[in-house]
Each structure stands twice: as C-alpha cells, then as structure tokens.
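Have a look at the structure below before the remarks.
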Number of protein chains: 2
Amino acid sequence: MPRPKSPLLSRERIRDAALELIDAEGIGSLSMRNLALKLDVRAASLYSHFPGKDAVLDAVANLLTRQVDTSAFERGWREGLETWGRSYHAALSKHPNAAPVVAAGTGRREDFLAMADAVHGGLVRDGWPPRYATMIAASVKYLVIGAATTPFASGFADDTRVYFERYPNLVQAHLIPAHAEEIDSDSFELALGGLIAGLGPLHASLAAADTAKE
Amino acid sequence: MPRPKSPLLSRERIRDAALELIDAEGIGSLSMRNLALKLDVRAASLYSHFPGKDAVLDAVANLLTRQVDTSAFERGWREGLETWGRSYHAALSKHPNAAPVVAAGTGRREDFLAMADAVHGGLVRDGWPPRYATMIAASVKYLVIGAATTPFASGFADDTRVYFERYPNLVQAHLIPAHAEEIDSDSFELALGGLIAGLGPLHASLAAADTAKE
DNA sequence: CACGCTAACCGTACGGTGTTAGTTTTCACA
DNA sequence: TGTGAAAACTAACACCGTACGGTTAGCGTG
C-alpha cells in the first residue's frame, strides 16, 4: 500500500499507542514492529513520523512530564515542592512501566527542562540561593525517580514465604503484598515530608544570614 | 576448540569482564558476543557458566550491593542510615553505567535482600516501628537509586549555551558542567541529611507515645 | 587401566530487534 | 497541469539472545 488518501498515522497516535503498549505489556514488548502491528501498519512507516525508537520514547516521556504541576510555588517553597513532588510522583505512578523511560535522559528532553526551570525559579524566588535551589530540586527528583523505578510493589510480590525465612527482619512488615502499593505511596509521602521538614531550619538560617548582610 | 586443558572462563571472570565493559562502554554495548570477545571466547561458551544474560547482570549487581556498609546501625539509627546511604551511593557512583542494573529487580536479588534485612533490623532495634522502618529504608533507597540513575552530570553536559537561553532560571547555577559531579554528591548529602533531620521529631514522638503506653 | 559421564568449549542457526533503501501512490502547491 | 514532498509499502542488513549438537579433556568408578 502506497500513500493513503488520508494519513493513517500521526505523531500523537503513535505516541499514545506506545504508551498503551508499555502500560499493558511492559517496556520489553515495545518494539517498532509490535507498535506498528497495534496501529495496523508496517514498522518502516513509523519512520515517516519519528526519526527512531528513542524519539518515540522521548515523546512518551514528554507527555507524562507535561502533566506535572509546578504552579504552587506561588504559595511558597514548601507548597511548591509538595505539589510538584506529588504530581510528579502521581504522573509516574499512573504508568509504572513507563517510569524508566522518563528517568532516562532527563537532562536532554525539552519538557523536562521546562519543568526544571520552573521549579528552580520558584525556589529562588522564595529565598533559596541558586545553588541550594539546584540541589533541592535534584533531591526531590531523586525521590520521585527512585520511588517510581524501584517501587516496593515491584519487589517481593510472589512466593514471599520461601526466601523470607532467611531474612527474619523483613518478615515483620512485608508479608502482605496487597499493601505494597500503600507502602509505596506512604513511603514517598514520608520522605517528601521529612525532607521538607529537614530543610526548614536551613532556609531560616540562610534567610537570617541574608538579612545580617544587608 | 573443544574442552581446554584448564578452564578459560569462570563465573567471576565473566562477571568482572561484564562490569569492566559496562564501565568502559556503557550498558548498551554489553552483548553476549561482545562480552565473549573481551574474554577471547565465543558467545555460546558463556552459557556453560550462566543460564543467560540476566544472570550475568544479577551477578554484577550483587557484586556492587555487597560493598554496601550496614554495620553502623550499632551506633544508632542516624549513624546507621548515614553510613548505609553514603556507602550505597558511593558504590553506585563508582560505576554510574551499572546503576540501572542495580536498580532493576531489587526485590528478587539475594544480596539486596540481605542488605534490606540488615537495614530493617537496625532501624527496628533503635525504636522505629516495623512499618516506619520499611518506609524509611524505602525512602533512603529512593534517594540512592534516583541519584545514581539520573545524576545531574548525565544531564546537560554539552552545548549548554544553546538551549539554556530558553530556560532563564536554570542558567544561574548550571553553566559549569565541570561542577556537575560536585553538585551531584552535594545534592545527595543535602537530601540524606535533610531527610534524617526531618525524621528526628517523628522518632521522638513515637518514642514518647511508646513510653506513655507502658 | 579402561570405561563412560560430565564440563567446557565451538559452529551454526532461529527468531526477533532497530534501521535503511528503494518503490509506489497521493496530495498540495506553483 | 506538472512537480516534488509525504506517507505508506517491501526487502534487506547487521545485530541481538539463545538453543542445539558436536568435540574433546578431565575425573570418578569398576
């Protein structure tokens, strides 16, 4: 089949199908042939819309990144960080199989940079020195990426009894795979809350030093 | 060549060569053929020592995991978490290309479970309820994995000027790629310190509640 | 000592991967 | 009305993980 009367594909259709495939069957079964199959098309046709597989994955990552909310810095750095971290975490939790895609190549992707820029600006506007803003944004990103790519739920889900006999300390809390997802979100909340609480005194002391200087 | 007089390969030699290859050329160029080439051998021979590529990667991950220090919980949960987090972070920082390998399949690998068990035990022994121990261990793991898999340094190293014009807030702190590595380790330290500081009051209040109960 | 089994290497091949080249047809525009 | 770009195709390349079978060295046992 040569060029069709109306286009069968578009960047959006391809990108959405890729995300669906990743969600449904995992990143391992996202191949160009497989993706094309889902779109009733041959693999080579995809290259009319994307330069390669990496570009398709970038589009997926950008789609997810764009769902992140960086608007709350207007209400202060704590609110900003909390909202940013939570929405970032939520966006990745909705698509756990796609999390590694988002984690890869963060520094190169357009929409990630826009997000990072907004966060950095929000922190600096509320009194954090630029260098600290960089480090704090990185810290929260670490939490989000770590939580999304190595969730508790992805760990010991099956046949717990077998190997847990050898790890007596783990048995206590981990015997309930059903609660794994809850543990994941609670852990992230604890970490984010703890980090923000821990940064409070630092912010205060930096502000005091700033005032003393004037 | 049939069976040689003295074995050319061993699990250790293969595992070490794999790590060297990952360090030198990235995980993308670790193929069974490539690995065999480095060992002056054909790819099929590797299957006499490992059931498959995944097993080789597991061996690499276990090797790195075994370098992590979980002994400091004897001196309290703060010392324990700090030492654990730092040594974990250091082990992965020494092999940044291998970090995703360690991040994958944490809940299934033998040596990771042993580490998790030690950490969980250390936290519980110092007064954290099991459920909190689980969440705190997960939090620090998030930081380590996040920092190792999406380091600042892996981001915008090249051609900064080009795209940074569009992200005014980022320009401030990021123009010095040479400092990227320093920013990475400082960010991790800030996050770990902040998290531990933030957890202090929680530990105190839990201990108080525990005392009140008795 | 001789037998036979297993271990460790090899060559080959199968199905799957990302990607490219070249072909055909349709659409949009000069 | 012609022309070139766009969007689909078929076919092929190089590479991947891995399975199969063949060959021989080493070792335990009668």
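These numbers were taken from a predicted model, which means no experiment stands behind them. Residue numbers start from 1 in every chain, and the chains themselves are labelled A, B, ... in the order their sequence lines are given, proteins ahead of strands.
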Distance below 4.0 Å between [X] side-chain N/O and [N] OP1 or OP2:
X	N	result
B:Arg42	C:dG11	yes
A:Ser48	D:dA8	no
A:His49	D:dA6	no

Which nucleotide sits closest to the side chain of A:Lys53: D:dC9, C:dC10, C:dT19? C:dT19
Selection from C:dC9, C:dT19, C:dA21 that lies nearest to any side-chain heavy atom of B:Ser45: C:dC9
Okay, side chain of A:Arg125, backbone of A:Glu74: is any donor-acceptor separation there less than 3.5 Å? no
Using whole Å, report how far [atom1] of [X] lies from [atom2] of [N].
X	N	atom1	atom2	result
A:Tyr47	D:dA11	OH	P	18 Å
B:Arg11	C:dA8	CZ	P	12 Å
A:Leu37	C:dG16	CG	P	12 Å
B:Leu8	D:dT24	CG	P	16 Å

Can you check side chain to side chain contact (heavy atoms under 4.5 Å, CB included) on A:Ile14 and A:Leu46, steps first, answer last? CA-CA 8 Å; A:Ile14 294 172; A:Leu46 301 172; 3.7 Å; yes
Can you name the closest pair of heavy atoms from A:Trp84 and A:Lys141 and give their distance? CH2-N, 4.2 Å
List in numerical order all residues of residues 13-36 of chain A for which some heavy atom is under 4.0 Å away from an atom belonging to DNA chain D. A:Arg33
Presence of salt bridge, A:Asp126 and A:Arg78, under 4.0 angstrom: no
So, A:Arg75 and A:Glu82, do they make that salt bridge, N to O below 4.0 Å? no
Is there any protein nitrogen or oxygen under 3.5 Å from a nitrogen or oxygen in nucleotides 23-26 of chain C, and what are the pairs?
from   : atom 1 : to     : atom 2 : distance (Å)
C:dT26 : O2     : A:Arg3 : NH1    : 2.8

